[in-house]
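First up is the structure itself, then whatever we jot down about it.
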Amino acid sequence: MNTRVLQGRMLTSAGWLDGELHLDDNGRIAAIDGRLAAGGTPARYLLPGFIDLHVHGGGGVDIMQAGDAANHVARTHARFGTTSLLATTMTAPRAELAHVLTALGQVAQERASGSARILGVHLEGPYINPGKLGAQPDDAVAAVMDEIDYYRSLAPLKVLTLAPEIAGHHEVIRRLSADGIRVQIGHSLGSYEDGVAALQQGASGFTHLFNAMTGLHHREPGMVGAALAHAEYAELIPDLLHVHPGAMHAALRAIPRLYCVTDSTAAAGMPDGEYKLGSHTVTKCMGGVRLADGTLAGSTLTMDQALRNLVQIGLPLAQASNRLSLYPADYLGVADRGRLETGAWADIVVMDTDLQLQHVYVEGECLEPDA
């Protein structure tokens, strides 16, 4: 079997090693040959590829445009170190969601060259609270299992966001979690007690923690309080706009396996201007994306910048990397991604000492990072 060799300081399951990473011709890691890092400044870092579980768009294209949109988005994010992702939908009428999910079911079957692997779908809505839409269109409905089962027949559903306080949603949480689907709490006006009850029913995470949910007050802890007190996993947008660094530190201390997402829109990787987000038109300016009324509407974040932001606010590089790769992989139950181990997929980001991308490998395929 032919192998290729990458050299550098590697973040492996055994910790930091200086040495060589051997890639086989099937896109897997064939061997790791290294010694414990002895300190000093390495020539470069080899990190597990980033896994983004909340992606609405990128490169000027929105997932809800269907067709080849998801492949275009996956190609865009691969240039920034994302090696696998969940295509994330917006709240929309049933016929539109069915059309989009049919397209996603097709593109998820095979990875296009030059693209991140689409692991499946994150259905963000329509089962959310109409009083906490955030940037979601006003098409929220209560969940019914027949409809969800129909959606599941069209595409591999991995994560579903809902508001647990809506009547009937506890049964949905129980049934989906029993089937291995990760049910997340989000776009919710629910109380602390609603959040705790949802976790007891099988909910396993929180969608963009702090955003579009009831906040923390010392006499009314809200949905944020339920997450901080009880969650093992939650997703957070580390663009330094959606969440203040102080709140990020509180969450990082409280939630053991907090992981980070981009919640990126079509504006990611693009200049300032107007872009689509589902049925909305959003404007990118000053590093953010907003609706006409000023509401934050997703982000322009890419995962390489997310890593730099986490390090900037004080996280050690290994911990920052885990929250972008290992923890989201574990959350989905994916054992052969998000880590540098023999036998795992060769999903690798190569970065210089300033944490700028040099190379990206997706299943052993070498891609050029964004120029």
Side-chain angles (χ1 to χ4, degrees), residues 49-93 95-125 134-137 139 154-156 158-159 208 237 239 261-285 287-292 296-306 357 360 362 365 367-371:
F50 306 132
I51 301 175
D52 192 348
L53 304 188
H54 195 144
V55 181
H56 289 289
V61 172
D62 185 84
I63 289 291
M64 298 298 288
Q65 292 175 246
D68 192 51
N71 279 331
H72 181 91
V73 171
R75 285 191 294 271
T76 297
H77 284 277
R79 301 202 316 267
F80 298 96
T82 295
T83 54
S84 53
L85 59 85
L86 292 184
T88 304
T89 58
M90 294 285 287
T91 295
E96 182 180 351
L97 275 175
H99 174 66
V100 173
L101 290 169
T102 298
L104 292 176
Q106 294 169 354
V107 300
Q109 293 178 20
E110 186 174 353
R111 184 181 70 85
S113 178
S115 300
R117 169 68 69 176
I118 298 173
L119 296 172
V121 174
H122 176 171
L123 195 70
E124 189 186 10
Q136 293 278 341
D139 292 300
L154 301 177
K158 302 295 184 180
V159 173
H208 41 53
I237 308 168
D239 63 351
V261 299
T262 63
D263 195 8
S264 60
T265 65
M270 298 295 289
D272 287 357
E274 291 190 345
Y275 298 92
K276 296 300 292 183
L277 178 60
S279 60
H280 288 313
T281 297
V282 297
T283 302
K284 177 182 179 179
C285 63
V289 182
R290 296 181 185 271
L291 299 177
L296 279 171
S299 84
T300 66
L301 186 64
T302 56
M303 289 293 258
D304 61 330
Q305 186 60 50
L357 279 174
V360 180
V362 181
E365 179 189 3
L367 315 180
E368 289 301 320
D370 192 63

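All of these numbers come straight from a predicted model, not from anything done at the bench. Excluded from the calculations below are hydrogen atoms, water molecules and symmetry mates; all remaining heavy atoms, backbone and side chain alike, are included.
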Please walk me through it: do H208 and H54 pass side chain to side chain contact (heavy atoms under 4.5 Å, CB included)? CA-CA 9 Å; H208 41 53; H54 195 144; 3.8 Å; yes
Go through it in stages, so that I can follow the logic: the residues are R75 and D68, the test is side chain to side chain contact (heavy atoms under 4.5 Å, CB included), and I'd like the CA-CA distance, side-chain angles, deciding distance and then a yes or no. CA-CA 11 Å; R75 285 191 294 271; D68 192 51; 3.4 Å; yes
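For the pair M303 and I51, the tightest heavy-atom approach, listed with the atom from each and the gap, is CE-O, 3.4 Å. The two residues T300 and G287 make their nearest non-hydrogen contact at OG1-O, 3.2 Å. The shortest non-hydrogen separation linking L367 to A78 is CD1-CB, 3.5 Å. The minimum heavy-atom distance linking A66 with A103 is given by the pair CB-CB, 4.1 Å. For L277 against M90, the heavy-atom pair with the smallest separation is CG-CE, 3.7 Å. Scanning all heavy atoms of the two residues, the minimum distance from V289 to A267 falls at CG2-CB, 3.9 Å.
Under the 3.5 Å distance criterion, the side-chain polar atoms of T76 are matched with a main-chain donor or acceptor of H72.
Of the inter-residue distances, the one linking S264 atom OG with H77 atom NE2 reads 3.0 Å to the nearest 0.5 angstrom. Atom CD of residue Q136 and atom OG1 of residue T91 lie 3.5 Å apart, to the nearest 0.5 angstrom. Considering OG1 of T82 and CG of L85, their distance stands at 7.0 Å, rounded to 0.5 Å. Atom CG of D62 is separated from atom OG1 of T265 by 8.0 Å, given to the nearest 0.5 angstrom. Rounding to the nearest 0.5 Å gives a distance of 7.0 Å between OG1 of T88 and CD1 of I63.
Residues satisfying the salt bridge (Lys or Arg N to Asp or Glu O under 4.0 Å) criterion with D304, sequence neighbours excluded, are R308.
Taking 4.5 Å as the limit, every side-chain heavy atom of R117 sits out of range of all side-chain heavy atoms of T83.
Under the 3.5 Å distance criterion, with hydrogens and angles disregarded, a donor-acceptor pair is assigned to the side chains of D52 and T262. Under 3.5 Å, the side chains of H56 and D263 contain a donor-acceptor pair of N or O atoms. The closest side-chain donor-acceptor pair between E124 and T89, if any, does not fall under 3.5 angstrom.
Within the structure, the side chain to side chain donor-acceptor pair (under 3.5 Å) test picks out no pair touching residues 267-285 (sequence neighbours left out).
Among I118, L123, L53, L104, the one residue that satisfies the side-chain contact (heavy atoms from CB on, under 4.5 Å) test with L86 is L53.
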